[in-house]
Undergrad: 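My structure is below; once you've seen it, I'll send some questions.
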Amino acid sequence: MKRIHLLTVMLMVTVMTVKAQGEMILGGELSNSAVTSVEDIDEVMPRMKALGLNTVLTPVYWELMEPTEGQFDFTLVDRTILRARENQLKVVLLWFGAWKNSMSCYAPLWFKQDTKRFQRARTAEGKPMEIASCFSEAVFQADNRAFGALMQHVSRTAADVVTMVQVENEIGMLESARDYSTLADHIYKKGVPKEVVDYLNKNQKTLHPWLKARLAKNKGKAQKSPIPSWTELFGDDIFTDEIFMAYYYAKYVGRLCETARQYTQMPLYINAAMNSRGRQPGQYPSAGPLAHLIDLWHIGAPQLLCLAPDIYDTGFKSWADQYALPNNRLFIPESRCCENSGARAMYAFGEHRAIGFSPFAIDQATPRETASITKAYTLLKQIASKLSNNTLSWGMLFDQQDKERVITDDGMAITCRHYFTLPWDARATDGSTWPEGGAMLIKVNKYEYLLAGTGVVVAFASQYEKSREEQKVLGEDGFVADATNQNVHFVKRDTFSGHRIGIGSVDEVSIDETGKMNYIRRLNGDQDHQGRHVRIACDDWKILHIRLYHYE
């Protein structure tokens with residue numbers, strides 16, 4: 001009951017926080033060295049406001065906050081809060097404590113040098129690593145004392161500005177799938193804690209499919225032991241090492257969360273480096289807050305709002321979809337900052353109602369890389385008032401390989417495609433790499449929708465009409481490309497006995513802060529291909545108000 005209660009409370013707190021802001025988290029994460037001096041902070045915050053962000057994700061560095069053990073310096077934190085407040089920005093603080101991208105690189109020098117007191121993780125061969133062991137109580141106490149001091153300070157001075165806190169950064173083991181230090185081996189040999197076994201038994205139906213499959217494969221062995229070993233319960237391979245580490249990393253983070261709860265109910269989350277490109281645990285940060293390990297993280301750290309993916313690899317939709325789970329709200333604190341960032345933001349908010357989206361190192365990006373973010377955030381600020389808990393919305397994200405999606409709604413088939421599937425832009429066929437098209441479709445009422453984004457074309461048909469659709473190659477005029485010398489046969493088909501969907505009107509609109517739609521222009525004729533579709537060209541960013549009708 002306690003675990004369920006904590007998760008429920010955290011979800012409620014987050015909803016209240018977002019509503020209090022009146023905005024989605026339209027964020028940008030600063031590069032790792034962006035706030036290491038007051039001069040850096042003074043320069044960067046106005047630029048972030050000018051880009052259209054409403055939230056800045058900014059690191060807090062343990063080594064600079066506690067350069068001498070027991071003596072805390074909040075100068076950089078306070079300056080960050082001051083400049084954010086002046087620029088009407090919210091802040092998400094990133095605690096770079098015991099681990100950052102697996103390594104303990106942001107721990108203070110006094111911590112790094114005292115390896116007897118603050119023990120290191122070791123490989124199976126016994127090699128010490130630049131990774132503090134999560135099994136060391138001294139490591140935890142030092143990290144926890146600093147994190148607690150930060151939470152206490154922020155709760156007193158910045159509750160109006162700081163909306164969320166990230167606990168550690170891309171936690172996980174490298175080189176080895178697990179820690180083989182003496183401390184870790186001692187814990188490993190004790191077997192699987194009762195807390196884990198009880199959770200797995202109680203939640204069999206809702207476990208992540210990956211974990212459920214491993215349990216099913218080894219269930220017989222585990223039943224023979226009152227306290228099963230890790231290999232008896234999960235199998236004897238590198239992924240069991242990862243499961244073991246995930247639970248104890250989560251327990252460590254959970255204890256930090258408990259400390260934070262002494263001072264604030266602010267939402268807490270943790271971010272993950274992806275297990276991509278076919279890599280094995282230890283080749284990626286093993287045991288981090290990855291989707292397939294979500295149950296271990298829920299056991300160990302139930303206070304966390306969510307596990308958040310840092311998406312840099314190809315396949316953005318696939319990674320986002322893995323983390324948009326019934327028991328995990330999607331928040332993307334880091335994404336590659338590029339010309340497609342804006343399109344990806346539209347998808348995340350439209351398809352998954354993401355808590356927020358944030359390109360990484362946005363302070364170092366070129367204007368060409370940030371332009372789409374500014375344009376997307378401008379639309380999202382307008383469209384936010386149209387998204388309620390009862391509103392249906394869908395996200396689109398298209399590229400050269402993934403060009404089409406068909407949405408079924410209220411008896412209609414809504415065919416969404418990349419804009420370059422039309423023949424009207426030379427870049428569609430000249431060998432250029434297609435820019436990603438991204439948009440959200442929002443249902444206002446029956447036969448009434450809003451389309452916001454870039455680089456998409458959307459056609460509406462009844463499901464009956466769609467079932468009779470013939471695929472045709474179109475020419476630059478939008479009609480059949482060329483029937484000359486083709487063996488074309490006109491075959492009589494069954495009588496058309498259903499209804500069709502027509503486009504009544506398409507208006508480009510803006511939406512003000514009260515939610516009122518303001519008419520800009522009517523798009524008809526060539527602009528909706530004589531009522532065949534609605535579209536937003538690549539490089540254009542628009543909100544379209546669409547009214548449909550049906551006829552027989």
Undergrad: In terms of side-chain geometry, is the basic nitrogen of K317 or E436 positioned less than 4.0 Å from the acidic oxygen of its partner?
TA: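 Salt bridge between K317 and E436, a charged N being under 4.0 Å from a carboxylate O: no.
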Undergrad: Give a yes or no on whether a salt bridge exists between E137 and R255, defined as a side-chain N under 4.0 angstrom from a carboxylate O.
TA: yes
Undergrad: Kindly say whether the aromatic ring centers of F111 and W62 come within a distance under 6.0 Å.
TA: yes
Undergrad: Are E258 and R261 within salt-bridge range, i.e. N to O under 4.0 Å?
TA: no
Undergrad: Taking only Lys NZ, Arg NE, NH1 and NH2, and the carboxylate oxygens of Asp or Glu, determine whether E242 and R178 approach each other closer than 4.0 Å.
TA: no
Undergrad: Please evaluate residues E195 and K251 with respect to the criterion side chain to side chain contact (heavy atoms under 4.5 Å, CB included), reporting the C-alpha separation (whole Å), side-chain torsions for both, the decisive distance (0.1 Å), and the verdict.
TA: CA-CA 11 Å; E195 177 184 45; K251 290 292 286 184; 3.3 Å; yes
Undergrad: When you compare the side chain of R329 with that of H352, does any pair of heavy atoms fall below 4.5 Å?
TA: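 In short, these two side chains do not touch, never coming nearer than 4.5 Å.
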Undergrad: Determine whether the side chains of N169 and N271 contain a donor N or O and an acceptor N or O closer than 3.5 Å.
TA: yes
Undergrad: So among L64, T58, D363, which one has a side chain to side chain contact (heavy atoms under 4.5 Å, CB included) with V35?
TA: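 The single option meeting the side chain to side chain contact (heavy atoms under 4.5 Å, CB included) with V35 is T58.
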Undergrad: Could you go step by step and tell me if R85 and K90 meet the side chain to side chain contact (heavy atoms under 4.5 Å, CB included) rule?
TA: CA-CA 7 Å; R85 192 179 282 124; K90 300 296 183 182; over 6 Å; no
Undergrad: Any salt bridge linking K381 with E513? Criterion: basic side-chain nitrogen under 4.0 Å from a carboxylate oxygen.
TA: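 Not counted as a salt bridge, because no side-chain N and carboxylate O are separated by less than 4.0 Å.
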Undergrad: Nearest 0.5 Å, please: how far is CD in Q364 from OG in S33?
TA: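 S33 OG to Q364 CD: 8.0 Å, rounded to 0.5 Å.
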Undergrad: Would you sort out whether K194 and D198 count as a salt bridge (charged side-chain N to carboxylate O under 4.0 Å, His left out), showing the intermediate values?
TA: CA-CA 6 Å; K194 185 176 184 298; D198 288 348; 2.6 Å; yes
Undergrad: Can you tell me how far the CD1 atom of I355 sits from the CD1 atom of I25, to the nearest 0.5 Å?
TA: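 Interatomic distance, I355 CD1 to I25 CD1, rounded to 0.5 Å: 6.5 Å.
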Undergrad: So, taking the atom named CD1 in I299 and the one named CG in N203, what distance separates them when rounded to the nearest 0.5 Å?
TA: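 Reported to 0.5 Å precision, the distance equals 8.0 Å.
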Undergrad: I need the F118 CZ to S104 OG distance, nearest 0.5 Å.
TA: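 F118 CZ to S104 OG: 11.5 Å, rounded to 0.5 Å.
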Undergrad: Could you tell me if the ring centre of F331 sits under 6.0 Å from that of Y269?
TA: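 Yes, the ring of F331 comes within the 6.0 Å limit of the ring of Y269, centre to centre.
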Undergrad: Going by ring pair (Phe, Tyr, Trp, His ring centres under 6.0 Å), name the residues that satisfy it together with Y106, two or more places apart in sequence or in a different chain.
TA: Y61, F96
Undergrad: Could you walk me through whether K100 and E168 satisfy the salt bridge (charged side-chain N to carboxylate O under 4.0 Å, His left out) test, starting with their C-alpha distance in whole Å, then the side-chain angles of each, then the deciding distance to 0.1 Å, before giving a yes or no?
TA: CA-CA 6 Å; K100 193 274 180 189; E168 309 292 348; over 6 Å; no
Undergrad: Going by ring-ring contact (aromatic ring centres under 6.0 Å, His included), F135 matches just one of F244, F140, Y249, Y247. Which one?
TA: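 The residue from F244, F140, Y249, Y247 that satisfies ring-ring contact (aromatic ring centres under 6.0 Å, His included) with F135 turns out to be F244.
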Undergrad: Sequence neighbours excluded, which residues qualify as ring pair (Phe, Tyr, Trp, His ring centres under 6.0 Å) partners of H208?
TA: none
Undergrad: Hey, which of L325, N328, I294 is the one that makes side chain to side chain contact (heavy atoms under 4.5 Å, CB included) with C306?
TA: N328
